[in-house]
Amino acid sequence: MRPAWTATAGASSTLIDGTQITDHWLQVPLDHRAPDGEAIRIYAREFVAADAVKQGREHVESLPWLLFLQGGPGGKGSRPAKLGGWMSEAGTKFRILMLDQRGTGLSTPLTRHSLSLQGEAAAQAAHMRHFRADSIVADAEAFRRALGLDSWSVLGQSFGGFTTLSYLSLAPESLDRALITGGLAPLTGHADRVYRATYAKMRSRNAEHFARFPQDREILDGVFAHLRAHQVRLLDGSMLTPARLQLIGMLLGGNTRADSLHYLLEEAFTGPECPQLSDTFLAAVGQQLSFAGNPMYAVMHESIYGQPAELTDGVAATGWAAQRVGAEFPEFDAEGASPLLLGEMILREHLLLDPTLADLLEAADLLAAVEDWEPLYDLAQLRRNRVPTAAALYTDDVYVARELSWETADVIGGIIVWETNEFHHDGLGDDGARVFAELLKRT
């Protein structure tokens, strides 16, 4: 085992554009409050752009560092074949550290296999409580110290933005600047209000899409009717139900991804001679619905909103908020004739029928019942924030509602918000170079 708090550089490699990549590993405590307890491994990949490499080692070592926090929960760091988008823009000014947040990528995994080693569901749920934003910040701080850095900048996308707010709360002295895209998390209030806001956003986004592609509504209703009349299994053998199918609505979280939804639906049926759902459709739907590559996203999604009762309207347990609040929006009822599509709403059925998640349903139930969450944000610290902070707020974001984002922005001292309706939640992926440049110039 590597000693705690020691970063080690593995073999460097060069991509086709000359980018230098270095592997970094770090052993940290599972629970940072118990440094002598169980340890886990954290991995990060460093990128130095080709132009910087050409200018020599001294120039590279003079560059400031930028930590990237991926979306999720459960999103591993990006694996680009070559630098492009925001990384191409950032790579001219920073050394980029792409963190595989604990539980993801090459860091010690959090999966059904690793959790089975913890024992029964109660032990699994207790283990997962150490994989939230506050622990990720502590890991990042351990990396910063191990690399010998006094401070660095951070870029957080979506859940990575939530984690950046935790960073600003818990260790602001370590940050030169904070850049947030689609990630101004609600700082207080119960998870219920998050889903009330996002159900309303998804209702509007559904209407926008089906007005643009009216034939998609007709096809989708036909698929729902087919699922009610037949038992249909995806190519992995799991049952495709109307409630599971609704999750293809996650494609509505982006501009180009919404086009992908249209192309997906146009190949739903094999044809009038054989009115069955096509294998092409089932394969694509299965890929979209499977959480095999990111089980944390489904199992831990509502826990990212878990806060103490005094910060959540007196009720700390999230209690499967997306499913409960969904009853207030009958147009999303999976048993209706023409149900709307879901966004980031994880229901119990989604875990129950996913072959990689079913074994974790009991642990997820226990997470949903937790009543003693630790706070993720320090509101007093955020109010007196002095770290240059800029955030991209997407007007029509169906995952992080505009209204709640502005509420958060009003708390953070000195934050500069760039609101735009040009992008949806995936602006950083859609035109990352521009989004990054817009945020950087504001700090």
So, His32 and Asp139: side-chain donor and acceptor under 3.5 Å apart, yes or no? yes
Would a distance-only check, ignoring hydrogens and angles, find a side-chain to backbone donor-acceptor pair under 3.5 Å from Arg244 to Met239? yes
Less than 4.5 Å apart, side chain to side chain, heavy atoms only: is that true for Ile96 and Trp86? yes
Taking the side chain from Tyr167 and the backbone from Ala178, do they hold a donor-acceptor pair closer than 3.5 Å? no
Between CZ of Arg348 and CD1 of Ile346, what distance do you get to the nearest 0.5 Å? 13.5 Å
Assign the ring pair Phe131 / His127 to parallel, tilted or perpendicular, where the plane angle (0 to 90°) is split at 30° and 60°. tilted
Checking Glu407, Glu328, Glu403 against Arg193 for salt bridge (Lys or Arg N to Asp or Glu O under 4.0 Å), the one that qualifies is Glu407
Verify whether one side chain among Tyr43 and Asp23 offers a donor that lies under 3.5 Å from an acceptor in the other. yes
Full working for salt bridge (charged side-chain N to carboxylate O under 4.0 Å, His left out) between Asp134 and Arg129: CA-CA 10 Å; Asp134 50 351; Arg129 293 183 63 171; over 6 Å; no
Smallest heavy-atom separation, Asn206 atom then Leu252 atom, equals ND2-CD1, 4.1 Å
Gap separating the CZ atom of Arg196 from the NE2 atom of His190, nearest 0.5 angstrom: 9.0 Å
Residue set satisfying ring pair (Phe, Tyr, Trp, His ring centres under 6.0 Å) with His350, at least two apart, ordered chain then number -> none
Do Leu264 and Val285 have side chains that get closer than 4.5 Å, going by heavy atoms? yes
Carboxylate-amine/guanidinium proximity below 4.0 Å for Asp397 and Arg205: no
Run the salt-bridge test on Arg442 and Glu438 with the 4.0 Å N-O cut-off and return the result as yes or no. yes
Apply the test side-chain hydrogen bond (donor to acceptor under 3.5 Å, both in side chains) to residues Ser338 and Arg217: give CA-CA distance (whole Å), side-chain angles for both, the deciding distance (0.1 Å), then the verdict. CA-CA 8 Å; Ser338 186; Arg217 181 72 267 180; 3.2 Å; yes
Check the pair Val435, Phe423 against side-chain contact (heavy atoms from CB on, under 4.5 Å), reporting the backbone distance first and the verdict last. CA-CA 10 Å; Val435 171; Phe423 309 106; 4.0 Å; yes
Is Glu302 reaching over with its side chain to a backbone N or O of Ala322, donor-acceptor style, under 3.5 angstrom? yes
Please tell me if the side chains of Glu422 and Asp431 come closer than 4.5 Å, counting only heavy atoms from C-beta onward. no
From Glu374 CD over to Gln307 CD, what is the distance, rounded to the nearest 0.5 angstrom? 10.0 Å
Does any non-hydrogen side-chain atom of Ile42 lie less than 4.5 Å from one of Phe143? yes
Scan side-chain atoms only and decide if Arg41 and Ser107 contain a donor-acceptor pair under the 3.5 Å cut-off. no
Just wondering, more than 12 heavy atoms not from Gln287 lying within 6.0 Å of its CD? no
Looking only at the side chains, is there a donor atom on one of Ser174 and Glu141 sitting less than 3.5 Å from an acceptor on the other? yes
If you define the side chain from C-beta out and look only at heavy atoms, does anything of Val137 sit under 4.5 Å from Thr163? yes
Any Lys/Arg nitrogen of Arg324 or Asp192 sitting under 4.0 Å from an Asp/Glu carboxylate oxygen of the other? yes
Testing the basics here: between Ala316 and Glu371, what is the closest heavy-atom pair and its distance to 0.1 Å? CB-O, 3.5 Å
Just by distance, do the side chain of Thr111 and the backbone of Ser114 share a donor-acceptor pair under 3.5 Å? yes
Note: Phe159 and Ile304 closest approach over all heavy atoms is CE1-CG2, 3.5 Å
His262 and Phe213: aromatic ring centres closer than 6.0 Å? yes
Nearest-0.5 Å distance that lies between atom CG in Leu340 and atom NE2 in His209: 12.0 Å
Nearest heavy-atom contact between Leu439 and Leu179 is O-CD2, 3.8 Å
Arg112 (side chain) donor-acceptor with Ala358 (main chain) under 3.5 angstrom: no
With a 4.0 Å cut-off, would you call Asp100 and Lys76 a salt bridge? no
Taking Asp354 for the side chain and Phe291 for the main chain, is one N or O donor matched with an acceptor at less than 3.5 Å? yes
May I ask you to check whether Gln70 and Ser78 show a side-chain donor-acceptor distance below 3.5 Å? yes
Is there a side-chain contact between Val60 and Arg95 in this structure, where contact means two heavy atoms from C-beta onward sitting under 4.5 Å apart? yes
Scan side-chain atoms only and decide if Glu419 and Trp406 contain a donor-acceptor pair under the 3.5 Å cut-off. yes
Can you say whether the rings of Trp65 and Trp152 are parallel (under 30°), tilted (30 to 60°) or perpendicular (over 60°)? tilted
Validation row: Arg132, Met300 side chains within 4.5 angstrom (heavy atoms): yes
Please answer whether the main-chain N or O of Ala292 pairs with a side-chain N or O of Ser290 as donor and acceptor at a distance below 3.5 Å. yes
So for atom CD, which belongs to Glu362, do other residues, nucleotides or ligands contribute more than 12 heavy atoms lying within a distance under 6.0 Å? no
Just by distance, do the side chain of Ser166 and the backbone of Tyr377 share a donor-acceptor pair under 3.5 Å? no
For Ser169 and Asp378, indicate whether the former's side chain and the latter's backbone hold a donor-acceptor pair under 3.5 Å. yes
Indicate yes or no: at least one non-hydrogen side-chain atom of Ser303 is less than 4.5 angstrom from one of Met128. no
Correct closest heavy-atom pair for Gln246 and Pro339 would be NE2-CB, 3.8 Å
For residues Glu267 and Thr280, is any side-chain donor paired with an opposing acceptor at under 3.5 Å? no
Pair Thr241, Glu349 - check side-chain hydrogen bond (donor to acceptor under 3.5 Å, both in side chains), show working. CA-CA 9 Å; Thr241 63; Glu349 183 173 329; 2.5 Å; yes
Contacts of Phe332 meeting ring pair (Phe, Tyr, Trp, His ring centres under 6.0 Å) (sequence neighbours excluded), chain-then-number -> Tyr199
Show your reasoning for whether side-chain contact (heavy atoms from CB on, under 4.5 Å) applies to Thr198 and Val398. CA-CA 6 Å; Thr198 53; Val398 296; over 6 Å; no
Inter-residue atom distance Leu234.CG - Gln288.CD, 0.5 Å rounding: 12.0 Å
Could you walk me through whether Tyr305 and Tyr195 pass the side-chain contact (heavy atoms from CB on, under 4.5 Å) check? CA-CA 11 Å; Tyr305 302 112; Tyr195 290 105; 3.8 Å; yes
Ion pair check, Glu89 and Arg434, cut-off under 4.0 Å: no
Could you tell me whether a side-chain N or O of Asp426 sits under 3.5 Å from a main-chain N or O of Gly429, the two making a donor and an acceptor? no
Please name the pair of heavy atoms, one in Pro295 and one in Leu110, separated by the smallest distance, quoted to 0.1 Å. CG-O, 3.7 Å
To the nearest 0.5 Å, tell me how far Arg145 CZ sits from Leu26 CG. 9.0 Å
